[in-house]
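A quick write-up on the structure given underneath.
This is a predicted model, so every value here is computed, not measured. In what follows, every chain begins at residue 1, and chains take the letters A, B, ... in the order their sequences are listed.
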2 protein chains.
Amino acid sequence: MTNSGEITAGKILEAARQLIMRRGYSGFSYADISDAIDIRKASIHHHFPTKTDLAIAVVRQHREMFDTDLLTLQASGADALTQLRAYVGYWERCIADDSAPFCVAGMLGAELPALPDEVAQEVRAYFENFDKWLEEVLASGAKSKQLKLRGTAKSEAKLLVSLIYGAMLAARAYGNAELFKDVANDAIAQLSRP
Amino acid sequence: MTNSGEITAGKILEAARQLIMRRGYSGFSYADISDAIDIRKASIHHHFPTKTDLAIAVVRQHREMFDTDLLTLQASGADALTQLRAYVGYWERCIADDSAPFCVAGMLGAELPALPDEVAQEVRAYFENFDKWLEEVLASGAKSKQLKLRGTAKSEAKLLVSLIYGAMLAARAYGNAELFKDVANDAIAQLSRP
DNA sequence: CTTATCCTACCAACTAGTAGGATGGCAAAG
DNA sequence: CTTTGCCATCCTACTAGTTGGTAGGATAAG
């Protein structure tokens, strides 16, 4: 082995993640990754035989990162508001410094009808996972009276998912990173009791 | 002329709009349009020399439709709530019957960093136009005390844009057309006085 | 005659993916 | 310790198909 495959696979995943966030699934090619990191196209196919495999790996990695960060915080017993702020704060920073201007699952979600079935399935799984966490956090916050919900935890979760992903889209469309921060914080402020 | 160019150009625009809504700018090709309507690829280039030209025309047409429908309703003196409901109701129906499952500008907005500059500019113009209308409607509703805003008309407009486009994305990601209806109506209900 | 429309027949560049060979680490056999 | 063979990694070179776009001709309406 001239180099650890783990490292190379990681670099490929990171490059693919950046490309999907910015250009979408049909907007990037193996040649783009080849240009971004120092590797030949055929070597990418060695690690991820097809584009479908690569996209699935990117989404799965993103979900695992979410799980280790936020499901862990949840398990540690942090209160609902802290958890919500941790999640939103993450995206605020990523969008502000342009290190991750869009959730990879959100981008693929928009492209859903154009994706290979297996990728689409993985994207839906990401949203289910996110939705489940959000619902639990909202329900626990409502139970402890830290949060006031207008509807059920289920409906409020759907509303927040829409708002968060919509704010990402709007921030991009208006070329204004502040927009995400303003909208998301507004939504959280409204959930927390006065 | 074997056929009226106006009609052909219209059919091309409609096919392109459908394709962009479902697959995005980089997800469709001239061949897709050629398959959708009965025309050769080269003939599409006669009406829209480049893909950039075609995308610009699609967005511009969509904005013009918006203007004739909603700026006209506004000019006719309809109250704020009626205008908001007309806008949201339009998308509710389009998403429910799958005739327009996503706003073409929203899809392109997500892809913005991957678009040719001229197309990106047109997309931004669409959002500016939409934003301006929404802000005016909200301000007029607040003035007449028909609507209660939590912040300024400006900030509330940004929040609503996020919510609406996010709800489109979420409806697609969850494969649930009802979601858009629920989220959007919730938002409007909250704006209208009790 | 001019012009708009639409066509067949191209093109160079790019797409995802394959074939097969070079390198080199590592482990078992001697 | 050394040799042998294996296998992961990465490469060059290639493929068949698709991409956006062009050249130039046929048809027909004004």
Does a side-chain N or O from B:Thr8 land closer than 4.0 Å to OP1 or OP2 of C:dT5, or not?
-> no

For A:Glu122, the salt bridge (charged side-chain N to carboxylate O under 4.0 Å, His left out) test, sequence neighbours excluded, returns A:Arg60, A:Arg63

Counting only pairs under 3.5 Å, give me each side-chain donor-acceptor contact of residues 82-90 of chain B, with atom names and distances, residues two or more places apart or in other chains.
unit_1, atom_1, unit_2, atom_2, d
B:Thr82, OG1, B:Asp79, OD1, 3.1
B:Thr82, OG1, B:Asp79, OD2, 2.8
B:Gln83, OE1, B:Trp133, NE1, 3.4
B:Gln83, NE2, B:Ala78, O, 2.9
B:Tyr87, OH, B:Trp91, NE1, 3.2

The side-chain contact (heavy atoms from CB on, under 4.5 Å) partners of B:Pro49 (sequence neighbours excluded) come to B:Asp53

For A:Ser43 and D:dT9, is the shortest distance between a side-chain N/O and OP1 or OP2 below 4.0 Å?
-> no

May I have the distance from B:Phe48 (atom CZ) to C:dC6 (atom P), rounded to whole angstrom?
-> 11 Å

Rounded to whole Å, CD1 of B:Ile44 lies from C1' of D:dT19 at a distance of 13 Å

Please state how far atom NE2 in A:His46 lies from atom P in D:dT12, giving the value in whole angstrom units.
-> 16 Å

Counting just side-chain N and O atoms, does A:His47 come under 4.0 Å of either OP1 or OP2 of D:dA8?
-> no

Heavy atom of residues 31-41 of chain B under 4.0 Å from DNA chain C: which residues?
-> B:Ile39, B:Arg40

Could you check B:Asp131, B:Leu134, B:Thr152 and say which one makes a side chain to side chain contact (heavy atoms under 4.5 Å, CB included) with B:Lys158?
-> B:Asp131

Quick one: is B:Ser29 getting a side-chain N or O under 4.0 Å of the D:dT19 phosphate, OP1 or OP2?
-> yes

Partners of A:Asp97 by salt bridge (charged side-chain N to carboxylate O under 4.0 Å, His left out), sequence neighbours excluded?
-> none

In whole angstrom, what separates B:Tyr30's OH from C:dT15's C1'?
-> 19 Å

Could you state the atom-to-atom distance from NE2 of A:His45 to C1' of C:dG17 in whole Å?
-> 5 Å

Residue pairs meeting ring pair (Phe, Tyr, Trp, His ring centres under 6.0 Å), one or both in residues 105-127 of chain B, sequence neighbours left out, come to A:Tyr174-B:Phe127, B:His62-B:Tyr126, B:Phe127-B:Tyr165

What nucleic acid atoms does A:Phe28 come within less than 4.0 Å of, heavy atoms only: base, sugar-phosphate, or nothing?
-> sugar-phosphate

